[in-house]
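Since the model is a prediction, treat every value here as computed from it, not as a measurement. We count residues from 1, following the sequence as given. Note: hydrogens, waters and symmetry copies are ignored here, and every other heavy atom, side chains too, is used.
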Amino acid sequence: MGFASIILLGTLLLTLPIANTTGKPLAFIDALFTATSATCVTGLVVKDTGTFFTMFGQVVIIMLIQVGGIGFMTMATLFALILKRRISLRDRLLLQEAMNQNTMEGIVRLIRKVLFFSLIIEGVAAILLTIRWSIDMPFGKALYFGIFHAISMFNNAGFDLFGDFRSLTGYVYDPLVNFVVMFLIVSGGIGFIVLSDLVDFKRTRRISLHSKVVLSMTAFLIVFGAIVIFVFEYSNPRTLGSLNWGGKILGSFFQSVTPRTAGANTIDLGGMRQASQFFMIILMFIGASPGSTGGGIKTTTFTIIIGAVISMLRGREDIVLFRYRLAQERIFKALTITLLALLLVLSVAMVLSTTEDSPFLMILYETTSAFGTVGLTMGLTTKLSLIGKILISLTMFAGRLGPLTMAYALGPKKGKELYRHPEGKIIIG
């Protein structure tokens, strides 16, 4: 309800004539789509952010991104702390669920860290980007661009102000822009719990199991993804083929990082080979990590699924990660999230394949991008029909909240089981 309220408020503000350069009210469905994309930190846009929206409209969008990125409950807690209001037990329970924590212990302290990390990382990145872009544009504009893109990229939103849907394609060779943006995407995508662990490591000298899994899987996906994209696109003249070795390496790593649910790109995604596009769909489906600004089924869920497969092939009952055994409840939850997400993506893609006149791979790419709150597109977003815009908006909303949260909120309440049925056996495989 909190996210829905923010989206509705953003929609109303974006429909105002002062929010766009035409001076006319924006169509409600286009305003709703943009507000949903910003609040759900996705980055899919039907109107070009840099040329269509005025500064008022762009400020509305970036505020929606900031609130949506760090979370509705986090922002509510921030206002409560500012007003010196006591955080009740009910509030702490809600925060525990919102931050995907197993306990309420230290939850308010974690929220303070979330706000601190966000401001520090965004602030430092904004300064670096401002310095770089002040070479290409007036300082005032460079400062505005630096702040906007630092917030957008840290929150994995992918909105940009360069116009004509170019994203960061003009900076494919620029190491500073590439490294700063990649750092923003990764730091926003690994989650605030992991950031807190890394900051406290000097004092505690320990890293939690969760952080170890997130960091190792994130590193693996980035490196493996970069290698795959480099191999598939090396000779493609529409993407990496025309770049020198430095451009090829930077381009490969950037396109491997951005499916972490960021939505920025430095090469033409529509010009990539189908194998690369399908591979990026897989990366987008996996997404970021729990407690982060990103979407997808999450890296930890993917790790548990892979762990279950390996354990089954080895004939073992337990999934063991870093010498810790995982509870069966975690395995069932990971399977549930994956199957619900897969069902959602395939169902929406199937419906869109009848309402949109586009190739199925393009539709699947767009749908997965919406679910993973990624924002990457092969060019379908601006061509979406009314039904397509509504479906993609709903998919972004479901992707930001998570399929399991949606199921819990809309499904029947859990009741106590009074009896158990006798065990049955079926043949599998």
Q. Do other residues, nucleotides or ligands put more than 12 heavy atoms under 6.0 Å from L361 CG?
A. yes

What distance separates [X] [atom1] from [Y] [atom2], expressed to the nearest 0.5 Å?
{"X": "T382", "Y": "K389", "atom1": "OG1", "atom2": "NZ", "answer": "9.0 Å"}
{"X": "E122", "Y": "L184", "atom1": "CD", "atom2": "CG", "answer": "8.0 Å"}
{"X": "N20", "Y": "F52", "atom1": "CG", "atom2": "CZ", "answer": "4.0 Å"}
{"X": "S353", "Y": "L346", "atom1": "OG", "atom2": "CG", "answer": "11.0 Å"}

Q.
Can you tell me which residue among Q255, E233, K248 is in a side-chain hydrogen bond (donor to acceptor under 3.5 Å, both in side chains) with T239?
A.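 Exactly one pass, corresponding to E233.
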
Looking at [X] and [Y], would you say the former's side chain and the latter's main chain have a donor-acceptor pair under 3.5 Å?
{"X": "H149", "Y": "L161", "value": "yes"}
{"X": "R260", "Y": "G294", "value": "no"}
{"X": "S211", "Y": "I207", "value": "no"}
{"X": "T39", "Y": "T36", "value": "no"}
{"X": "D197", "Y": "S208", "value": "yes"}
{"X": "R400", "Y": "G68", "value": "yes"}
{"X": "T15", "Y": "L12", "value": "yes"}
{"X": "S369", "Y": "G375", "value": "yes"}

Q) Is it the case that T299 and S289 place a side-chain donor and acceptor less than 3.5 Å from each other? A) yes

Q.
I'd like to know if R166 pairs up with D160 as an ion pair, taking the criterion as any Lys NZ or Arg NE/NH1/NH2 lying under 4.0 Å from an Asp or Glu carboxylate oxygen.
A.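 No, this pair does not count.
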
Q: Measure up the F224 and F279 rings against each other and bin them: parallel (under 30°), tilted (30 to 60°), perpendicular (over 60°).
A: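 Perpendicular, since the angle between the ring planes exceeds 60°.
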
Q: For the pair F162 and F145, name the ring-plane relationship: parallel under 30°, tilted 30 to 60°, perpendicular over 60°.
A: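 Ring orientation, 0 to 90° scale: perpendicular.
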
Q: Answer yes or no for R203 and F201: cation-pi contact, defined as NZ/CZ to six-membered ring centre under 6.0 Å and angle to ring axis within 45°.
A: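 Geometry flag: not set, cation outside 6.0 Å or 45°.
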
Q) Can F230 and W245 be said to form a ring pair (Phe, Tyr, Trp, His ring centres under 6.0 Å), step by step? A) CA-CA 10 Å; F230 183 86; W245 268 90; 5.6 Å; yes

**Q.** Check against side-chain hydrogen bond (donor to acceptor under 3.5 Å, both in side chains), T301 and R330
**A.** CA-CA 9 Å; T301 303; R330 298 285 162 188; over 6 Å; no

Q) Where is the tightest heavy-atom contact between S167 and N265, given as atom of each residue plus distance? A)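 Heavy-atom minimum between the residues: OG-N, 3.0 Å.
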
Q | Within-4.5 Å side-chain heavy-atom neighbours: L250 and F179 | A |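 Result yes, sub-4.5 Å side-chain heavy-atom pair found.
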
